[in-house]
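Let me begin by presenting the structure, written as structure tokens, before commenting on it.
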Amino acid sequence: MSDAHDHGEDGADHGQDGDSGEDGGHGHEHHHDDGGHDHHGDHGDHGGHDGHDHHHHDAESVAIAVVTVSSSRSLDEDPSGDHVAAAFEDAGHEVAVRELVPDEYDSVQGTVDRLARRKDTDVVVTTGGTGVTPDDVTPEAVDGLFAKRLPGFGELFRRRSEAEIGTRTIGSRATAGVVSATPVFCLPGSENAVRLGVDEIILPEVGHLVGLAGRGADETEEEETAEGKEAEDGGESADGDETDDTPR
């Protein structure tokens with residue numbers, strides 16, 4: 001799975017997903033329930049240029065799910081995934097879960113969707129499968145899950161990659177978006193590409209994006225629950241009225 005970046009042996013390759021993300025399935029897992037969504041920290045202000053303090057509600061600490069997409073690697077030999085986890089922990093964040101999945105559309109899509117919906121996960125980062133070989137399917141698998149796309153991530157990643165790998169950066173399809181109020185970032189599999197994406201782009205902005213993406217999510221859920229209860233109560237009342245109006 002070549003992604004264009006494989007900064008390995010001969011020099012560059014940020015895009016070469018090669019085998020960086022391949023599959024598998026274990027990982028450190030803080031045993032938490034799947035389900036809703038509960039972002040750590042406050043949820044942020046919208047990001048624009050209208051003079052407000054857009055960082056007031058940034059999440060100070062987030063919980064990350066790390067997904068390695070590879071059909072040939074194991075989590076015991078996963079330098080790219082190791083770097084994602086270590087970089088987040090060094091920055092004061094938490095690794096909620098690590099998983100390894102094969103380069104298969106359904107496996108990637110199902111895993112990202114499930115992890116994005118977990119209550120204990122605020123952000124998902126995948127490595128691998130973003131190249132141009134037939135088995136590089138990560139972008140296709142996650143695209144249908146995105147409620148919102150973050151095109152600036154891929155644009156910035158490729159622009160910064162050019163300094164190291166030149167025009168080979170066009171072979172990288174690194175992408176990002178929001179799934180179930182959770183930012184999801186899909187990186188190439190090479191360790192150099194992961195270092196660039198995580199250290200220089202994701203970590204500086206992750207608290208802000210988590211705050212923005214999760215803003216209002218809990219309130220919306222509460223409103224929907226309240227509306228459902230009101231409808232139920234209204235139905236009971238209507239039933240009662242019908243009973244009262246029935247001739248005796």
Side-chain angles (χ1 to χ4, degrees), residues 1-23 64-73 77-88 99-105 107-109 111-112 116 123-146 148-179 182-206 209:
M1 315 182 272
S2 68
D3 197 319
H5 281 155
D6 208 0
H7 294 160
E9 308 176 359
D10 296 335
D13 202 350
H14 262 347
Q16 293 270 117
D17 268 336
D19 233 8
S20 18
E22 262 89 275
D23 188 26
I64 181 179
V66 182
V67 180
T68 298
V69 181
S70 176
S71 297
S72 62
R73 296 197 175 196
E77 297 180 353
D78 179 23
S80 296
D82 289 344
H83 181 76
V84 176
F88 268 80
E99 294 193 12
L100 190 149
V101 299
D103 297 283
E104 298 171 359
Y105 183 99
S107 295
V108 175
Q109 185 177 77
T111 299
V112 171
V123 59
V124 177
V125 175
T126 74
T127 68
T130 63
V132 295
T133 63
D135 57 352
D136 288 326
V137 297
T138 300
E140 288 78 13
V142 300
D143 186 67
L145 299 174
F146 289 155
K148 295 183 184 299
R149 291 172 179 77
L150 300 174
F153 172 73
E155 294 165 1
L156 181 58
F157 177 82
R158 282 179 283 277
R159 189 175 74 192
R160 294 200 176 186
S161 298
E162 185 182 9
E164 298 182 46
I165 64 173
T167 54
R168 290 179 66 192
T169 190
I170 66 172
S172 174
R173 299 186 301 137
T175 188
V178 178
V179 179
T182 304
V184 174
F185 300 93
C186 300
L187 291 166
S190 76
E191 188 175 356
N192 284 340
V194 167
R195 287 180 182 277
L196 169 63
V198 171
D199 299 357
E200 297 185 27
I201 304 175
I202 298 175
L203 279 176
E205 294 298 328
V206 69
L209 289 173

Checking F185 against T126 for the side-chain contact (heavy atoms from CB on, under 4.5 Å) test, could you report, in this order, the C-alpha distance in whole Å, the side-chain angles of both residues, the deciding distance, and whether it holds?
CA-CA 6 Å; F185 300 93; T126 74; over 6 Å; no

Rounded to the nearest 0.5 Å, what separation is found between the OG1 atom of T169 and the CD atom of E164?
9.5 Å

Spacing of T127 atom OG1 and R73 atom CZ [to the nearest 0.5 Å]
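Going from the OG1 atom of T127 to the CZ atom of R73 covers 8.0 Å.
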
Quick check: closest heavy atoms across [X] and [Y], and the distance to 0.1 Å?
X	Y	value
F157	A174	CD2-CB, 3.7 Å
S80	S190	OG-C, 3.4 Å
G81	T68	CA-OG1, 4.2 Å
V184	V112	CG1-CG1, 4.0 Å
P139	G129	CD-O, 3.2 Å
A87	L203	O-CD1, 3.8 Å

Quick test of your reading of the model: are E191 and R195 salt-bridged, counting only N-O distances below 4.0 Å?
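A salt bridge links E191 with R195.
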
Is the CD atom of E77 crowded by more than 12 outside heavy atoms at less than 6.0 Å?
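Not more than 12 within 6.0 Å, no.
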
Dump the intermediate steps for side-chain contact (heavy atoms from CB on, under 4.5 Å) on D143 and R149, then the final yes or no.
CA-CA 8 Å; D143 186 67; R149 291 172 179 77; 2.9 Å; yes

Using side-chain contact (heavy atoms from CB on, under 4.5 Å), reason through F153 and T175 one step at a time and then give a plain yes or no.
CA-CA 7 Å; F153 172 73; T175 188; 5.8 Å; no

With a 4.5 Å limit on heavy-atom distance, are the side chains of V179 and V142 in contact?
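Counting from C-beta outward, V179 and V142 never come under 4.5 Å.
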
Indicate yes or no: at least one non-hydrogen side-chain atom of I202 is less than 4.5 angstrom from one of L187.
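I202 vs L187: side chains touch.
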
Does R160 use its side chain to pair, donor to acceptor, with the backbone of G197 at less than 3.5 Å?
no

Check: R173 side chain, C186 main-chain N or O, donor-acceptor pair, under 3.5 Å
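Side chain of R173 to backbone of C186: no pair is present.
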
Start with the C-alpha distance between F88 and V123, add both sets of side-chain angles, then the distance that settles side-chain contact (heavy atoms from CB on, under 4.5 Å), and finish with yes or no.
CA-CA 11 Å; F88 268 80; V123 59; 4.3 Å; yes

